[in-house]
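Sequence positions, counted from 1, serve as the residue numbers for this chain. Computation of the quantities below employed the complete heavy-atom set of this structure, encompassing side-chain atoms and omitting hydrogens, waters and symmetry-equivalent molecules.
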Amino acid sequence: MGHHVLPGNPPVALILRRSARARRISLRVSGIDGRVTLTLPRGVAERQALQFAEEKADWLRKQLSQRPDEVLVGLGAELPVGGHPMRIVSGSGRAVRAEEGTLHVPGTPEAVPARLRAWLKARARDRLAEASDRYADALGRRYTRLTLRDTRSRWGSCSHNGGLMYSWRLILAPDDVLDYVAAHEVAHLAEMNHSRAFWDIVDRLKPGYDGPRRWLRDNGSSLHRYRFDD
């Protein structure tokens, strides 16, 4: 529908969305990127919905204040890779190098975010392909393709035709977490649901998955705090 900004300190940006299925006005703060969505049922005036949002302004600001601060990726910043904090420094040569807690990124400072993002995506593809192949072999199933995106609503998905999709930001998380997501999505090749049978498969592929699953629930949103603005 559009956008609106609630005045105040700080101002709160709203995304207005009308839904035929909604039964009441609702506000949702995304746990991934902090976007605030104001949903309007059919027949409810925009003015009425905005009044509802204004009444909830203090609650909104409290929710947003609890989010981790954004990190603009660049020289001197710290970025996790495989769950390990790495300091970004200027590098020589043509390729990004990771060594002893440091990421050496060649090129001008302005090129660092894009160059580092490309390196992370390539690293994520290699790791996720290796994990997906390993779990698919264990399950005796085959996936049809593997794609990477910068998704904000899910960490991975499996289509009905066997296509796997992952968020490349999983490369920032501990290795165990990336492996869990791969096991989760590969398990959907056999069970396209979240039934007991599905979770039994996940447990067989990735014993002790509860820990990585809990880490992703509690800390996953922090992986989106890193901005790679060009």
(request) Show your working on side chain to side chain contact (heavy atoms under 4.5 Å, CB included) between Val105 and Ile88 and close with a plain yes or no. (result) CA-CA 7 Å; Val105 186; Ile88 304 169; 4.0 Å; yes
(message) side chain to side chain contact (heavy atoms under 4.5 Å, CB included) for Lys206 and Asp176? Distances and angles first, verdict last.
(response) CA-CA 9 Å; Lys206 178 68 175 172; Asp176 217 27; 2.3 Å; yes
(message) Walk me through whether Gln48 and Ile25 qualify under side chain to side chain contact (heavy atoms under 4.5 Å, CB included).
(response) CA-CA 9 Å; Gln48 181 182 348; Ile25 303 170; 4.2 Å; yes
(message) Set out, in order, the CA-CA distance, both residues' side-chain angles and the distance that settles side-chain hydrogen bond (donor to acceptor under 3.5 Å, both in side chains) for Asp179 and Tyr209, then state yes or no.
(response) CA-CA 9 Å; Asp179 282 346; Tyr209 69 84; over 6 Å; no
(request) Check the pair Leu116, Leu79 against side chain to side chain contact (heavy atoms under 4.5 Å, CB included), reporting the backbone distance first and the verdict last. (result) CA-CA 10 Å; Leu116 192 50; Leu79 177 76; 3.8 Å; yes
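Counting only N and O atoms by type, the side chains of Thr102 and Arg87 include no donor and acceptor under 3.5 Å apart. A side-chain donor from one of Tyr166 and Ser132 sits under 3.5 Å from a side-chain acceptor of the other.
Here the CG-CG distance, from Leu164 to Leu189, works out to 5.5 Å after rounding to the nearest 0.5 Å. Distance CZ/Phe52 to CG/Leu27: 5.0 Å, rounded to 0.5 Å. Distance CG/Asp58 to CG/Leu60: 9.0 Å, rounded to 0.5 Å. The distance from the OG1 atom of Thr37 to the CG atom of Leu14 is 9.0 Å, given to the nearest 0.5 Å. Distance check, rounded to the nearest 0.5 Å: CZ of Arg123 to CG of Leu178 gives 11.0 Å. The CG atom of Asp150 lies 10.5 Å from the CG atom of Leu223; values are rounded to the nearest 0.5 Å.
Salt-bridge check for Asp137 with Arg142: passed, with a basic side-chain N closer than 4.0 Å to an acidic carboxylate O. Of the charged side-chain nitrogens involved, at least one lies within less than 4.0 Å of a carboxylate oxygen, so that Arg196 and Asp200 count as a salt-bridged pair. A salt bridge is defined here as a Lys NZ or Arg NE, NH1 or NH2 lying under 4.0 Å from an Asp or Glu carboxylate O, and Arg225 with Glu70 fails to meet this definition.
The hydrophobic cluster containing Trp59 also contains Leu16, counting ILVMFWY residues as joined when their side-chain heavy atoms lie under 4.5 angstrom apart, directly or transitively. The cluster map of Ile, Leu, Val, Met, Phe, Trp and Tyr, joined by side-chain heavy atoms under 4.5 Å apart, puts Leu50 and Leu64 in the same cluster. In the hydrophobic cluster analysis, where Ile, Leu, Val, Met, Phe, Trp and Tyr join through side-chain heavy atoms closer than 4.5 angstrom, Val96 is grouped apart from Val89.
Residues Ser167 and Arg154 fail the side-chain proximity criterion, which asks for heavy atoms closer than 4.5 Å. Residues Met165 and Arg149 form a side-chain contact, since some pair of their non-hydrogen atoms from C-beta on lies under 4.5 Å apart. Under the 4.5 Å side-chain criterion, counting only non-hydrogen atoms from C-beta, Pro80 is not in contact with Met86. Using a 4.5 Å heavy-atom threshold, the side chains of Arg227 and Val71 count as separate.
Within a 6.0 Å sphere centred on CZ of Arg97, other residues, nucleotides and ligands contribute more than 12 heavy atoms.
At least one donor-acceptor pair closer than 3.5 Å links the side chain of Arg169 to the backbone N or O of Tyr226. A distance-only check finds no donor-acceptor pair linking the side chain of Arg127 to the backbone of Ile171 [under 3.5 Å]. The closest donor-acceptor contact from the side chain of Arg18 to the backbone of Val44 lies under 3.5 Å. In terms of modelled atom types and a separation under 3.5 Å, the side chain of Asp203 and the main chain of Trp199 share no donor-acceptor contact. Side-chain atoms of Ser159 come within 3.5 Å of backbone N or O of Gly163 as a donor-acceptor pair.
The aromatic rings of His184 and His194 sit tilted relative to each other, their planes meeting at an angle between 30° and 60°. Taking the six-membered ring where tryptophan is involved, the planes of Phe198 and His188 are essentially parallel, since the angle between them stays under 30° and well short of 60°.
Partner of Val186 under the side-chain contact (heavy atoms from CB on, under 4.5 Å) criterion, chosen from Leu139, Ile201, Val202: Leu139.
Under the salt bridge (charged side-chain N to carboxylate O under 4.0 Å, His left out) criterion, Arg94 pairs with no residue at all, not counting sequence neighbours.
The aromatic ring centroids of His104 and Trp119 lie 6.0 Å or more from each other.
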